[in-house]
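From a predicted model like this one, the values you see are computed outputs, not experimental measurements. Just follow the structure's listing: the first ligand is 1, and inside any ligand the first atom is 1. One-based numbering along the sequence shown.
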Amino acid sequence: MEDKDLYRILVVGPTGAGKSQFCNFVQRDITNSKNKVGRGLRSCTKGPQSNIFTRNNTNYDFLDSAGSSDSDNDDIKNLNLLIDFIKKKESIDYITLLLKFGEKITNETKKYLETLGKIFTAGEFYTHLCVFFTKFPTKPKKKDRALKDETKKEINEILKEIFHIDKDIQIPDVKVYFIDTEIDEDENTYDEQSQNTIDIMMKQMKLDIKKNNSINTKNFDVTGERIENEKKQIEVLKKQLEEEKLKKEKEEEEKKRVMEEMQKMKEPIIREAQERERKFQEEQRKIDEDAKNRNIEIERLEGKISDNLSIAGNMAKYGAATSASSALSAFFLFTVAEVSTSTGVGSVALNAIAYGLIGGAGVFALAALPLLGAGFYRLKRLAA
Ligand SMILES: Nc1nc2c(ncn2[C@@H]2O[C@H](COP(=O)(O)OP(=O)(O)O)[C@@H](O)[C@H]2O)c(=O)[nH]1
Ligand SMILES: [Mg+2]
């Protein structure tokens, strides 16, 4: 959104807060005479007044309102004047509320704020407002800085009360500024720090206005009927919201009930499926086990086959060696016997050898028998 051609700003606050001097200050009216500034108790502003000027290439109209609790003490009269005035303007963009720094917020001021609460809705007020505390020392002391923080807190609490905003409802704090608009008579200048504060406020205001529409002032009225209607509308909306909420809750409950019902219906089916799955898993496990066992058996048999084959092989080798060696010994003994007989060695010696031969053969035969038997048995198992 483009910047507006003219920003219309309402300046409100109790008499003596410094509204007229503020309007001179924002337009750097160093004569401080465009808006007649009050001297003494009586208010000098008779009725609302327009202040159109240009600052930093932007056009403004600061509307200096009459204080509603001025020395005439006629709140309604001043309120009438203000409403008539802003009705003619059709819309305003912003509200600056001026209060004196360092002074307790009096009951009079509270009444003034309550009157504002009859003109603006809380929504309008909170989205278009900033607060200025005037007469803030140009060289603030420690106590002034402490009071500044307290003041911010206090004004936020008071406004919440006036606009009936629950304490626990979180709304952003209103923007609060501290200035001194008094001319330094020796130097004939305004406090520059305070002028900078005005520039900051104007920038902030432009941002706020981009977010929020202007306040339409055409339907403003003195009786507070507009606000009452708004409140009634809010009540109707609240009721509707409450009914909607109840309806939704009932729907949610019904949904939950149906879901539970469905769950119940589903349960036996799920259980059956689970049982089937369990059985399937068990069967699968058995099959796996069997397969594993068979594999073990196969491995065992294979092991045996190779075992037996090697035993049989050894046996054959062993048997051949044994037969060969016994044949050799028999042949050797026979030769010895033959030689001994022919050479005429004594018969005693011959006999001893012959007996030795027979005995040795006997012993060999006895030793070889179980071995042969075992070999035979193994070969038979293998064949089976
Ligand atoms: N020191 C000082 N005096 C101020 C300031 N603002 C207003 N005044 C004085 O307070 C008195 C009332 O100011 P005025 O603008 O007429 O208040 P209005 O009734 O709200 O319009 C005048 O004497 C001003 O000079 C301020 O910021 N600092
Ligand atoms: Mg004034």
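Residues Asn56 and Asp199 have side chains that bring a donor and an acceptor to within less than 3.5 angstrom of each other.
In this structure, of Gln21, Lys135, Lys36, Gln49, the residue bringing a heavy atom nearest to atom 15 (O) of ligand 1 is Gln21.
Checked by distance only, ligand 1 and Gly18 come closer than 3.5 Å through their nitrogen or oxygen atoms. Among the atoms of Thr134, none of the N or O lies under 3.5 angstrom from an N or O of ligand 1. Checking only distances, Asp64 never comes within under 3.5 Å of ligand 1, N or O to N or O. Some N or O of Gly16 is nearer than 3.5 Å to an N or O of ligand 1, by distance alone.
Put simply, part of Ala17 is less than 4.0 Å from ligand 1, judged by heavy atoms.
In summary, the atoms of ligand 1 found under 4.0 Å from a heavy atom of Thr15, numbered by their order in the structure, are 19 (O). Of all atoms in ligand 1, numbered sequentially from 1 with element shown, those under 4.0 Å from a heavy atom of Lys19 are 15 (O), 17 (O), 18 (P), 19 (O), 20 (O), 21 (O). Against a heavy-atom cut-off of under 4.0 Å, Thr181 is close to the following atoms of ligand 1: 5 (C), 6 (N), 26 (C), 27 (O). Close approach of ligand 1 to Asp180 (heavy-atom distance below 4.0 Å) involves ligand atoms 1 (N), 2 (C), 26 (C), 27 (O), 28 (N).
Ring pair Phe101/Phe136 is perpendicular by interplanar angle, where above 60° counts as perpendicular and below 30° as parallel.
Here Ser20 reaches the Mg ion (ligand 2): one of its N/O/S atoms is less than 2.8 Å from the metal.
Taken from CG in Asn59 to OH in Tyr7, the straight-line distance is 10.0 Å, to the nearest 0.5 Å. Between Lys141 atom NZ and Leu147 atom CG the span is 13.0 Å, to the nearest 0.5 Å.
Each of Val131, Val11, Val176, Val174 was scored for a side chain to side chain contact (heavy atoms under 4.5 Å, CB included) with Leu97, with one residue passing: Val131.
Ile198 places none of its side-chain heavy atoms less than 4.5 Å from the side chain of Ile200.
Using a 4.0 Å cut-off between a side-chain N of Lys or Arg and a carboxylate O of Asp or Glu, Lys175 and Asp208 qualify as a salt bridge.
Shown here is Asn213, whose CG atom has no more than 12 heavy atoms of other residues, nucleotides or ligands within 6.0 Å.
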